[in-house]
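Note that the structure is a prediction, hence the values are computed from the model and not measured.
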Amino acid sequence: MNNLFNAFRISASGMSAERLRMEVIADNIANAETTRTSSGGPYVRKVVSFEENLVRAIDNNKVTEKLKGVKVSAVSKDPSPLKKVYDPSHPDADKDGYVLMPNVNILNEMVDLITASRAFEANVTALNVSKQMAMKALEIGR
């Protein structure tokens with residue numbers, strides 16, 4: 001029964017990680033035109049990195065690895081260059097009339113959002129299948 005709950009935990013970790021990814025994508029889309037942040041420059045796109053979550057344990061003098069799902073390893077800034085747009089009327093324009101714009105591409109964000117949504121749905125499906133298997137196992141004793 002413990003392994004069944006591990007399947008639930010793994011699916012839950014995947015949903016939690018994808019939810020955070022969707023939040024970061026929503027933040028990127030919301031700030032696609034932000035030229036002034038609290039740190040001074042334009043908004044810089046953020047990217048979420050995942051890593052597998054393995055836990056090593058020693059059972060009967062054997063080292064085993066147990067799957068715990070996925071975890072977010074970092075939310076980092078995208079190192080791609082900022083866009084430079086000529087707009088001398090913009091309040092953040094430099095002396096030559098150029099404004100630094102965020103490195104957010106809406107099309108890329110939408111593709112990432114759809115990918116995150118599909119991964120979230122896949123985790124929900126895995127959780128529902130695990131739940132159905134548990135219900136069928138409980139029906140054996142009836």
**Asked** Where the side chain of Asn31 meets the backbone of Thr34, is there a donor-acceptor pair that is under 3.5 Å apart?
**Response** no
**Request:** With rounding to the nearest 0.5 Å, note down the distance linking CZ in Phe8 to OG in Ser130.
**Result:** 5.5 Å
**Message:** Hydrophobic clusters here meaning ILVMFWY residues chained together by side-chain heavy-atom distances under 4.5 Å, can you tell me if Phe120 and Leu113 are in one?
**Reply:** yes
**Request:** Considering only NZ, NE, NH1 and NH2 on the basic side and carboxylate oxygens on the acidic side, decide whether Arg45 and Asp112 come within less than 4.0 Å.
**Result:** yes
**Item:** Whether Ser73 side chain and Ser49 backbone form a donor-acceptor pair below 3.5 Å
**Value:** yes
**Asked** For the side chain of Asn103 and the backbone of Asp78, is there at least one donor-acceptor N/O pair under 3.5 Å apart?
**Response** yes
**Request:** Could you state whether Val24 and Val72 fall into the same hydrophobic cluster, counting links through intermediate Ile, Leu, Val, Met, Phe, Trp or Tyr residues with side-chain heavy atoms under 4.5 angstrom apart?
**Result:** yes
**Request:** Answer with yes or no whether the hydrophobic clustering places Ile106 together with Met22; edges join I, L, V, M, F, W, Y residues whose side-chain heavy atoms lie under 4.5 Å apart.
**Result:** yes
**Item:** Contact summary for Tyr86 and Asp96, nearest pair of heavy atoms
**Value:** CE1-O, 3.3 Å
**Prompt:** Does the Ser13 side chain pair with the main chain of Val70, one donor and one acceptor, at a distance under 3.5 Å?
**Reply:** yes
**Request:** State plainly whether the residues Asp27 and Lys46 are in salt-bridge range, i.e. N to O under 4.0 Å.
**Result:** yes
**Prompt:** Between atom OG of Ser117 and atom CD1 of Ile25, what is the distance when rounded to the nearest 0.5 Å?
**Reply:** 10.0 Å
**Item:** Polar side chain donor-acceptor pair, Asp87 to Ser89, under 3.5 angstrom
**Value:** yes
**Prompt:** Can you name the nearest heavy-atom pair linking Val99 to His90, along with the distance?
**Reply:** CG2-CB, 3.4 Å
**Message:** Is there a path of hydrophobic side-chain contacts, each under 4.5 Å between heavy atoms of I/L/V/M/F/W/Y residues, joining Leu127 to Phe5?
**Reply:** yes
